[in-house]
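Have a look at the structure below, then the notes.
Just so you know, these numbers use all the heavy atoms, side chains as well, and skip hydrogens, waters and symmetry mates. Naming: A, B, ... by sequence-line order, numbering from 1 per chain.
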Protein chains: 2
Amino acid sequence: MCFNVSYRLTDMKKQIKMSYLLEKIAGRLKQARESKGLSQRALAQLTGVPQSHLSKIESGVVDIRLSSLVAISRTLELELELVPKQALPAVQALIRSVEKPDKNGDQPRYVMWSAKSAYQLEGDDDD
Amino acid sequence: MCFNVSYRLTDMKKQIKMSYLLEKIAGRLKQARESKGLSQRALAQLTGVPQSHLSKIESGVVDIRLSSLVAISRTLELELELVPKQALPAVQALIRSVEKPDKNGDQPRYVMWSAKSAYQLEGDDDD
DNA sequence: CGATATGATACGTTAAAGCACATCACACAA
DNA sequence: TTGTGTGATGTGCTTTAACGTATCATATCG
């Protein structure tokens with residue numbers, strides 16, 4: 001009989017990871033949570049999303065709904081944006097510079113970009 | 001009896017819209033599609049997402065999954081980013097400047113930001 | 001050593017996304 | 001007028017996110 005065959009299939013399905021881009025998002029969430037010193041259970045309290053589900057999300061094994069992503073992002077002080085490919089390098093440079101521990105304090109910062117590349121002036125490019 | 005009562009409820013449910021943030025995303029998708037001169041049916045061809053569903057997505061009546069959002073975004077040449085609240089004004093200024101029809105051509109552009117506000121130098125601020 | 005906190009995993013159930021397909025109303029042009 | 005393209009809406013069905021709850025292995029600390 002083949003009962004346990006289908007059981008095994010279900011089991012394997014649970015461990016399949018999502019595509020690269022979705023995993024990137026998942027990684028960003030995990031990183032943001034940890035940088036805030038929150039455990040999955042603590043974040044679960046704040047968002048209402050159970051810890052078991054947060055674990056799946058961060059592991060990239062589930063294809064979450066937009067409302068879930070927004071709920072989690074909001075408590076992590078992140079916002080979802082659809083960035084035109086054209087502006088992507090500049091946006092990413094900008095995000096990187098903000099995520100760095102505050103060298104440059106609250107001094108004004110600058111990004112210059114043109115076509116496909118972006119440069120930070122006042123540059124601390126040490127990653 | 002109350003049979004048609006539950007039927008009515010189902011009908012109403014279909015028209016409930018999502019929260020502001022989700023609608024913002026939906027609007028961005030619609031705007032991006034139209035700016036590319038694509039009909040919903042054409043986009044359906046490119047993405048594999050049926051037109052009926054695209055309509056629901058753009059109307060903001062469904063809570064789409066991340067994979068759907070990524071699929072649509074990719075063919076519209078948009079990328080999903082999680083932006084720290086801190087960097088949001090600058091990022092949005094940047095996106096706005098790119099979405100404008102190319103005055104300034106491919107000349108270098110600049111964004112300066114500090115704390116919560118962002119300023120475009122080389123400014124064409126006409127919206 | 002036990003106690004506690006953490007992340008990962010599993011299971012049963014429910015609600016809803018997603019699909020294929022079919023209309024429908026409203027344009028606008030031949 | 002008729003035809004054609006568009007977006008919106010409905011229906012039945014399958015898949016699966018999301019929840020609640022529980023368990024497990026692994027740390028770290030008393």
In residues 43-51 of chain B, which ones come under 4.0 Å of DNA chain D, going by heavy atoms?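 Here the set is B:Q51.
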Quick check: any donor-acceptor pair below 3.5 Å linking the side-chain of B:R41 to the base of D:dG5?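 Looking at the base of D:dG5, it does not pair with any donor or acceptor on the side chain of B:R41 (distance under 3.5 Å).
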Ignoring hydrogens and angles, answer whether the base of D:dC19 and the side-chain atoms of A:S52 contain a donor-acceptor pair closer than 3.5 Å.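 Answer is no: no donor-acceptor pair is held.
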Side chains of [X] and [Y], heavy atoms from C-beta outward: is any pair under 4.5 Å?
| X | Y | value |
| --- | --- | --- |
| B:I57 | B:K30 | no |
| B:E79 | A:E81 | no |
| A:R33 | A:L29 | no |

Whole Å only: how far is the [atom1] atom of [X] from the [atom2] atom of [N]?
| X | N | atom1 | atom2 | value |
| --- | --- | --- | --- | --- |
| A:L66 | C:dA17 | CG | P | 11 Å |
| B:R33 | D:dG7 | CZ | C1' | 8 Å |
| B:K56 | C:dA20 | NZ | C1' | 10 Å |
| A:Q40 | D:dT26 | CD | P | 17 Å |
| A:H53 | C:dT14 | NE2 | C1' | 14 Å |
| B:I57 | D:dA8 | CD1 | P | 12 Å |
| B:L38 | D:dG5 | CG | C1' | 14 Å |
| B:L54 | C:dC21 | CG | P | 16 Å |

Can we say B:K36 and B:E77 salt-bridge, meaning some charged N sits less than 4.0 Å from an Asp/Glu carboxylate O?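 Counted as a salt bridge, because a side-chain N and a carboxylate O are separated by less than 4.0 Å.
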May I ask you to say what B:I64 touches in the nucleic acid, namely base, sugar-phosphate or nothing, with a heavy-atom cut-off under 4.0 Å?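 Sugar-phosphate contact only.
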For a quick check of understanding: with a heavy-atom distance under 4.0 Å over all strands, which category does A:S68 fall into, base, sugar-phosphate or nothing?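 Result for A:S68 = sugar-phosphate.
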Terminal axes of the helix from C:dC1-D:dG30 to C:dA30-D:dT1 (five pairs each): angle between them, nearest 10 degrees: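 End-to-end axis angle: 30°.
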On the nucleotide D:dG7, are OP1 or OP2 found under 4.0 Å from the side-chain N or O atoms that B:S55 carries?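 So the side chain of B:S55 is outside the cut-off, no N or O lying under 4.0 Å from OP1 or OP2 of D:dG7.
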Short side-chain N/O contact from A:S39 to OP1 or OP2 of C:dT6, under 4.0 Å: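 Answer yes for this pair, as a side-chain N or O of A:S39 is under 4.0 Å from OP1 or OP2.
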So, B:E58 and B:Q40: side-chain donor and acceptor under 3.5 Å apart, yes or no?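 Yes, because at least one side-chain N or O of B:E58 sits under 3.5 Å from a partner of the opposite role on B:Q40.
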Please report the closest heavy-atom contact between [X] and [Y], naming both atoms and the distance.
| X | Y | answer |
| --- | --- | --- |
| A:I64 | A:S68 | CB-CB, 4.4 Å |
| A:P50 | A:A44 | C-CB, 4.0 Å |
| B:P84 | A:R28 | CD-NH2, 4.4 Å |

Please pick, from C:dA22, D:dA18, D:dT16, the nucleotide with the shortest atom-to-atom distance to any side-chain atom of B:R65.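 Selected nucleotide: D:dT16.
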Tell me which one of B:L54, B:T75, B:L43 satisfies side chain to side chain contact (heavy atoms under 4.5 Å, CB included) with B:V49.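 Of B:L54, B:T75, B:L43, side chain to side chain contact (heavy atoms under 4.5 Å, CB included) with B:V49 is met by B:L54 alone.
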Run through B:I95, B:V98, B:L78 and flag the one making a side chain to side chain contact (heavy atoms under 4.5 Å, CB included) with A:Q86.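 Between A:Q86 and the candidates, side chain to side chain contact (heavy atoms under 4.5 Å, CB included) is satisfied uniquely by B:V98.
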Given DNA chain C, 5'-ward residue of the pair A:S59 and B:D63, judged by closest heavy atom: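 Nearest-nucleotide comparison on DNA chain C picks A:S59.
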